[in-house]
Q: 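Let me begin by handing over the structure; questions about it come next.
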2 protein chains.
Amino acid sequence: MTRRTDQLKLGAFLANSGHHVAAWRHPRAQADASLDFDYFKQVAQTAERGRFDALFVADVVALWGHHLDALSRTARGEHFEPLTLMAALAAVTSRIGLIATATTSYNEPYHIARKFASLDYLSKGRAAWNLVTSVVSDEAWNFGREAHIDHAERYRRAEEFHDVVKGLWDSWEDDAFLRDKDSGQYFDPAKLHVLNHQGEYFSVRGPLNVARPPQGHPVLVQAGASDAGKALAARVAEVIFAMAETIPAAQAFYNDVKQRATALGRDPDGIKILPGITPFIGRTREEARELFEEFQSLVDPVLGLRLLADTLGEDIDLSAHDLDGPLPETPVGQRGSRRDKVLELARNEGLTIRQLYLRLAGGNPVIGTAEDIADTFDAWFQARACDGFNVFFPYLPGGIEVFVDEVVPLLQERGLLRREYEGATLRENLGLVRPANRFAGSAA
Amino acid sequence: MTRRTDQLKLGAFLANSGHHVAAWRHPRAQADASLDFDYFKQVAQTAERGRFDALFVADVVALWGHHLDALSRTARGEHFEPLTLMAALAAVTSRIGLIATATTSYNEPYHIARKFASLDYLSKGRAAWNLVTSVVSDEAWNFGREAHIDHAERYRRAEEFHDVVKGLWDSWEDDAFLRDKDSGQYFDPAKLHVLNHQGEYFSVRGPLNVARPPQGHPVLVQAGASDAGKALAARVAEVIFAMAETIPAAQAFYNDVKQRATALGRDPDGIKILPGITPFIGRTREEARELFEEFQSLVDPVLGLRLLADTLGEDIDLSAHDLDGPLPETPVGQRGSRRDKVLELARNEGLTIRQLYLRLAGGNPVIGTAEDIADTFDAWFQARACDGFNVFFPYLPGGIEVFVDEVVPLLQERGLLRREYEGATLRENLGLVRPANRFAGSAA
Ligand SMILES: Cc1cc2nc3c(=O)[nH]c(=O)nc-3n(C[C@H](O)[C@H](O)[C@H](O)COP(=O)(O)O)c2cc1C
Ligand SMILES: Cc1cc2nc3c(=O)[nH]c(=O)nc-3n(C[C@H](O)[C@H](O)[C@H](O)COP(=O)(O)O)c2cc1C
């Protein structure tokens, strides 16, 4: 197989203290990072030095879980709101993209269209929206609802929400603003378009009170895993965050989505698929393995058992069992595929309860030297299992420094990663086309 | 009367190209400032150099008016969204406060509580919320409503909205986060409080997923002029933007609000009242007057007639009348006090149509030398007509440079303005108490 001529696209995941669930306890992690802007600034500037395409920040519009004994052992109780954080980071970076998460389930499209358009101007064309439909059901309670909107309806709402936002971004043609001091004409009313949307979930008149964003539309990012999620992604996503632990699994997802997009008439190269990956880097493989085990040893059993309960369900009571013994006998095939997969994993590998929750806590690690990490990135990329990665750093801010100092130069030597940014906007750096205005040329 | 021993509090109003409605056309104004972050950064840093307490940005969640022939002659069609703009400015300033406007009529309290808490952390304690109930009725159409929420209901909703936001800011006690690497305890669950609000307009469970803000609560700013508006201000505002054209009118408002607050058990010094004022500065009085007239001459008649129609109502057709002749005979006492005031002004002073709309366009100017401006500030302040000013700059960015270079040193020499910021937070600089947590010490 000939080597690909395009290059890796890299996202840097911004996490409080690091991505590992026990990161904040590690000696190399900053424990009080969560609401410290200087920390985020340092991580962002390091990512830009490493020529990452974009920073990415996740979001939940609620406290992340109500099992306080477990939650209180993580750094997830407090975090910045993504759009304000990214706006601040826009002011202290110049080339890196800014991907902020916002849910379509508990927001209004006019606000979202406007805030991302505003971010696109603040950053001179570096804004991206990670459109999610909310995994955490507690969000409902903060917005006047007694229960979470169900999955199918969340995606129907997301489809309409998305279309309204894009319509609002096209309120003004690119050349609507004249600002002619002599004639006194600031804009040309013929180049303003009123959306007048009336749909199942939203009525939004428009127009937006922000000119058309520098990128036309901020870049659209999505991470749905269900059928409805992949259908939305195939139609509208330009970047997709995927979760896959092996090359074949990643290839299956990659081909599925790209074929769906092609069937809808889209250019498959117009979608960049980035699986999540967590590199644990050592000067030797042993050192890397030790680093990984250090993090694993910091997972408090209260937290570990909560991870298991979240996956297996509350009906399996593990409290009376020895953590270093086996799981109690549990029938398979009853409550969803993720539970079954984990039960089978435990049985097939003969894992203890502790070993099992550590497997869940460990995520999708690659453990090795900088050379090993570069090899892994290269192998996945050449196998067309991905177009790049969404990189999770086990601890921060040190974890991204090591990655940029040691892995990035290897990727650059192999021609897998840019040495300089190609363009000024995120779209240019990702190699994505700037969309045309749907109204251009038509009457108001 | 002895001179006051406190000092002026100053807000700097951030406007596209400047505050005068025709500002963008003036040779000294930057016409394409509206979505140019570098422009806002320059204005913000100049205001900080001038030791202003805070930057202030207004907001409308819709296009500001649908009379496109008039609107298209102003710079009001496009503007940054306030919270993203202020977050970006937080990263390039260090002491000045950041007052962002957000309406309670078309927002959710959880989002607003969270974004301002986030801004307070990003700025290390410099956030303030200008709570408005929306003057522009078109906003309703962007949020699924056929008509604007009526005035009384807007204020009832605002009262409840405000209380929910403050409750959410108190979700965590100030010392809830331990981040103890050894024990593995990140926060103390006993110091987390769930709001469980159930009210007329909102059900919000909470808690907030942001720790208690550095200021306890971001500073609360308000500008209501009606009875309901003043009642809300008296109960909750810490800064009030007022509009008054004379010292006696300003004194009446000042005394009214401070007495209302005192009656509610508040310390009247805990409310800073800042009328808006627009200084036109020249090296001589003649030069200042010429500068003012230059701006007035740039008001296009289409725009001028729209300002008149917005004030007098659509029923007075001026299109067939000579702009340099008198208003047609119009009965007084029929459609609201603002209309009557303007009709009486025209009659009493014998103004032509053009002179009348220019009077509306001119706003509340002070025209003179830097010394004159300082005298005016001093006189209002000593007369207890205000606690400072919300300064509107006729053109930008030059208008604030002149003010900071020429007026600020005079105010400092007279002891009316700080030479250095007193503290690190907006609260400290305004001399406002940091509020206690309502839940502190109580059970969850
Ligand atoms: C890398 C990554 C980041 C995600 N970030 C968020 C997030 O910030 N907020 C959220 O509610 N969901 C987030 N999700 C969840 C997805 O949006 C999606 O809901 C989930 O993968 C389940 O897919 P489904 O809803 O199509 O079943 C993320 C998923 C991935 C893989
Ligand atoms: C300096 C100043 C700034 C204001 N900014 C806004 C604003 O940004 N958005 C808004 O909807 N209303 C704004 N207002 C309007 C007030 O919030 C208020 O609605 C108006 O003064 C009428 O008062 P009332 O609603 O109590 O009748 C502002 C008023 C003043 C004096």
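These values consider heavy atoms only, across backbone and side chains, with no hydrogens, waters or symmetry-generated copies. Labels below follow one simple rule: chain letters A, B, ... track the order of the sequence lines, proteins then strands, and each chain is numbered from 1.
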Q: Under 4.5 Å, counting heavy-atom pairs only, tell me which of B/A29, B/A176, B/S203 racks up the most with chain A.
A: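 Winner by heavy-atom pair count: B/S203.
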Q: Please classify the contact of B/L168 with chain A as side chain, backbone, both or neither, using a heavy-atom distance under 4.5 Å.
A: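 Contact with chain A: none, neither part.
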Q: Can you tell me which of B/V302, B/L89, B/L178, B/T74 forms the most heavy-atom pairs within a distance under 4.5 Å of chain A?
A: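 Among the listed options, the one with the most contacts to chain A is B/T74.
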Q: Between A/L192 and B/L63, is any pair of side-chain heavy atoms under 4.5 Å apart?
A: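 Yes. Closest side-chain heavy atoms under 4.5 Å.
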Q: For each of A/A140, A/A91, A/S123, tally heavy-atom pairs with chain B at distances under 4.5 Å, and name the one with the top tally.
A: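 The option with the most such pairs is A/A91.
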Q: Any side-chain heavy atom of A/F177 sitting closer than 4.5 Å to one from B/D32?
A: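 Not touching, per the 4.5 Å side-chain cut-off.
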Q: Please classify the contact of B/V210 with chain A as side chain, backbone, both or neither, using a heavy-atom distance under 4.5 Å.
A: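 Both the backbone and the side chain of B/V210 come within 4.5 Å of chain A.
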Q: Provide the closest heavy-atom pair for A/G184 versus B/W24 in the form atom of the first, atom of the second, distance.
A: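 In terms of heavy atoms, the two residues are closest at O-CZ2, 3.3 Å.
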Q: Using heavy-atom distances under 4.5 Å, tell me whether A/L85 contacts chain B through its side chain, its backbone, both, or neither.
A: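 Both the backbone and the side chain of A/L85 come within 4.5 Å of chain B.
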Q: Does B/E146 have more than 12 heavy atoms from other residues, nucleotides or ligands lying within 6.0 Å of its CD?
A: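 Counting neighbours around CD of B/E146, 12 or fewer heavy atoms of other residues, nucleotides or ligands fall under 6.0 Å, so no.
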Q: Tell me which of these, A/N196, A/L303, A/L71, has more heavy-atom pairs under 4.5 Å with chain B than the rest.
A: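 The residue among A/N196, A/L303, A/L71 with the greatest pair count is A/L71.
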Q: Does any backbone or side-chain atom of B/P27 lie under 4.5 Å from a heavy atom of chain A? Answer side chain, backbone, both or neither.
A: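 Only the backbone of B/P27 comes within 4.5 Å of chain A.
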Q: Taking atom NE2 of B/H79 and atom OG of A/S118, what is their separation to the nearest 0.5 Å?
A: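 With rounding to 0.5 Å, NE2 (B/H79) is 10.0 Å from OG (A/S118).
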Q: Against chain B, work out which of A/Y201, A/W172, A/F202 has the most heavy-atom pairs shorter than 4.5 Å and name it.
A: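 Highest number of heavy-atom pairs under 4.5 Å: A/W172.
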Q: Checking B/D180 against chain A: side chain, backbone, both or neither under 4.5 Å from a heavy atom?
A: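 Just its backbone gets close to chain A.
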Q: In terms of heavy-atom pairs under 4.5 Å, which option from B/G77, B/A90, B/A211, B/P82 contacts chain A the most?
A: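 Among B/G77, B/A90, B/A211, B/P82, the one with the most close pairs to chain A is B/G77.
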Q: If I measure from the heavy atoms of chain B, does A/D59 come under 4.5 Å with its side chain, its backbone, both, or neither?
A: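 Contact with chain B: side chain only.
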Q: Answer whether the closest heavy-atom distance between the side chains of A/E78 and B/N209 falls below 4.5 Å.
A: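 A side-chain contact is absent here, since even the closest heavy-atom pair is not under 4.5 Å.
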Q: Can you tell me how far CD of B/Q30 sits from CZ of A/R179, rounded to the nearest 0.5 angstrom?
A: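 Going from the CZ atom of A/R179 to the CD atom of B/Q30 covers 9.5 Å.
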Q: Counting heavy-atom pairs closer than 4.5 Å to chain A, which one of B/V61, B/L119, B/D300 comes out on top?
A: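 Greatest number of close heavy-atom pairs with chain A: B/V61.
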Q: With heavy-atom distances below 4.5 Å as the criterion, would you say the side chains of A/S72 and B/Y186 are in contact?
A: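 With C-beta onward as the side chain, the pair stays apart.
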Q: Among A/G206, A/S171, A/A75, A/G144, single out the residue with the greatest number of heavy-atom pairs under 4.5 Å to chain B.
A: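 Most heavy-atom pairs within the cutoff with chain B belong to A/A75.
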Q: Identify which part of B/D182 has an atom lying under 4.5 Å from any heavy atom of chain A, answering side chain, backbone, both or neither.
A: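 Answer is backbone: N, CA, C or O of B/D182 sit under 4.5 Å from chain A.
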Q: Pick from A/D188, A/L122, A/V92, A/L68: which one has the most heavy-atom pairs with chain B under 4.5 Å?
A: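 Option with the greatest count: A/L122.
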Q: Walk me through whether B/W141 and A/V204 qualify under side chain to side chain contact (heavy atoms under 4.5 Å, CB included).
A: CA-CA 6 Å; B/W141 298 335; A/V204 180; over 6 Å; no
Q: What residues of residues 33-43 of chain A sit under 4.5 Å from chain B when you count only heavy atoms?
A: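 The list, in residue order, reads A/S34, A/L35, A/F37, A/D38.
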Q: Please classify the contact of B/S183 with chain A as side chain, backbone, both or neither, using a heavy-atom distance under 4.5 Å.
A: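 For B/S183, the backbone is the part near chain A, not the side chain.
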Q: Which atoms form the tightest heavy-atom contact between A/A31 and B/K181, and what is the distance?
A: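 Nearest heavy atoms, A/A31 then B/K181: CB-CE, 3.7 Å.
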Q: Under a 4.5 Å cut-off applied to non-hydrogen side-chain atoms, are A/T84 and B/T84 in contact?
A: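 Contact flag for A/T84/B/T84 side chains = no.
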Q: Can you check whether anything in residues 107-117 of chain A gets within less than 4.5 Å of chain B, heavy-atom wise, and list it by number?
A: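 Against chain B, the residues of residues 107-117 of chain A that fall inside the cut-off (heavy atoms, under 4.5 Å) are A/N107, A/E108, A/Y110, A/H111, A/R114, A/K115.
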Q: I'd like to verify something: which residue of B/V60, B/D69, B/N142 has the highest number of heavy-atom pairs under 4.5 Å with chain A?
A: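 Looking at each option in turn, the highest pair count goes to B/N142.
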Q: Go through the atoms of B/H197 and report whether side chain, backbone, both or neither lie under 4.5 Å from a heavy atom of chain A.
A: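 For B/H197, there is no contact with chain A at all, as no heavy atom is under 4.5 Å.
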Q: Using non-hydrogen atoms and a 4.5 Å limit, figure out which bit of B/D120 sits close to chain A: side chain, backbone, both or neither.
A: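 Neither part; nothing is under 4.5 Å.
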